[in-house]
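Everything below concerns the one structure shown next.
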Amino acid sequence: MEERNEKVTMEYVEACNFIRQYMGSSKKTQAQVARELDISPATLSGFLAGTYKAPHTVISKIEELASISVQKKKAPKEPDYKETSISRIVTNAIRYAHLQGKISVVYGDAGIGKTMAFQKYLENNELAVGITISPTYSSITGVNEKLAEQLGIRERVARKQTTEIVNKLRGSGRVVAIDEAQHLTVRALDHLRCIADESGVGLCLIGNEAVYEKLKGNRGKEFAQLFSRLGMKPHVLVNNITKQDVQSIFGSYVPGNEEMELLFRICRTAYGLRGAVNVFINTLDVFQEITSQGLARMMREMGIG
């Protein structure tokens, strides 16, 4: 114990102040911060109250969190969001579903900015309900849980939950946007169609080629009702990314045409815009500046291009 104490450089009051400031700036709850520190909420509560009997064990963890926080602040950040030809397509598809109360789907290559456009629409439209699907939430039950959480529904019985979701959406003027929709099962997709039909709200599905193939279907009439509902279905690819898009995103950070050309080249590969952003950030982190030589070297090290 004494050896551990000798290594602690942060004072108790300083540690408490850091945690309170950290919660304030990050908007995280005390329970969330406790999980970050790998301690129980009760331990953190006792520590802040001054009643925990081994405060040095918590202080050492707080020191680590403080160190990581400083490093994160110094680390290069992604370029600010900029509208691109891809983001306009995604935004238009969500807006179409929103205004018309129809179903739309945006599908295509990964890493080209679909998710960022989805997030931006949610940020700018309070009446948009957005959920992101992972394999864990691919079923009807998973979809209901995600929607219930967004709509503030506490009901857990499946059928009653669906009824409450429909009632909450009916006449609300909302739109439901689903990102990573390729993970949805066909039954979950049809379930969403039923929710949209019953509530009268629009539905926009965003994902890769797989979601369109599921909607299109190759196994008969069970898909026809769903596919026939699609009012807008743009297909977006890395080849849709333009030099103007790259200029818009990186123009204020990148010094010249040669560097911009390298980033554009990455965007047109399977790595897409996400790959270009990753190369940009890593180059800035390692070399502290953006040059064509630095970008090319980072591309080689990352196996891109």
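Everything numeric here is computed off the predicted structure, so don't read it as measured data. Atom set for the values below is all heavy atoms of this structure, side chains included, hydrogens, waters and symmetry mates excluded.
Side-chain atoms of Glu149 never come within 3.5 Å of backbone atoms of Lys146 as a donor-acceptor pair (strictly under, hydrogens ignored). At distances below 3.5 Å, not a single donor-acceptor pair connects side-chain atoms of Thr283 with backbone N or O atoms of Met298. Of the possible polar contacts, none joining the Ser87 side chain to the Glu83 backbone as a donor-acceptor pair under 3.5 Å is found.
For residues 244-253, every residue pair satisfying the side-chain hydrogen bond (donor to acceptor under 3.5 Å, both in side chains) rule, not counting sequence neighbours, is listed here: Ser85-Asp245, Thr242-Asp245.
Taking 4.5 Å as the limit, every side-chain heavy atom of Phe280 sits out of range of all side-chain heavy atoms of Ile266. Between Cys204 and Tyr96, every side-chain heavy-atom pair lies at or beyond the 4.5 Å cut-off.
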Evaluate the salt bridge (Lys or Arg N to Asp or Glu O under 4.0 Å) criterion for residues Lys243 and Glu261: first the C-alpha distance (whole Å), next the side-chain angles of each, then the deciding distance (0.1 Å), finally the verdict.
-> CA-CA 8 Å; Lys243 288 187 177 181; Glu261 189 63 35; 3.3 Å; yes
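Between Arg297 and Glu301 there is a salt bridge, since a side-chain N of the basic residue sits under 4.0 Å from a carboxylate O of the acidic one. Ion pair Arg187/Asp190 not flagged as a salt bridge, since none of the NZ, NE, NH1 or NH2 atoms sits closer than 4.0 Å to an Asp/Glu carboxylate oxygen.
Under 3.5 Å, the side chains of Gln32 and Gln30 contain no donor-acceptor pair of N or O atoms. No side-chain donor from either of Ser60 and Glu64 sits under 3.5 Å from a side-chain acceptor of the other.
Separating the CZ atom in Arg268 from the CG atom in Asn240 is a distance of 8.0 Å, to the nearest 0.5 Å.
The side-chain hydrogen bond (donor to acceptor under 3.5 Å, both in side chains) test applied to Gln161 returns no partner, not counting sequence neighbours.
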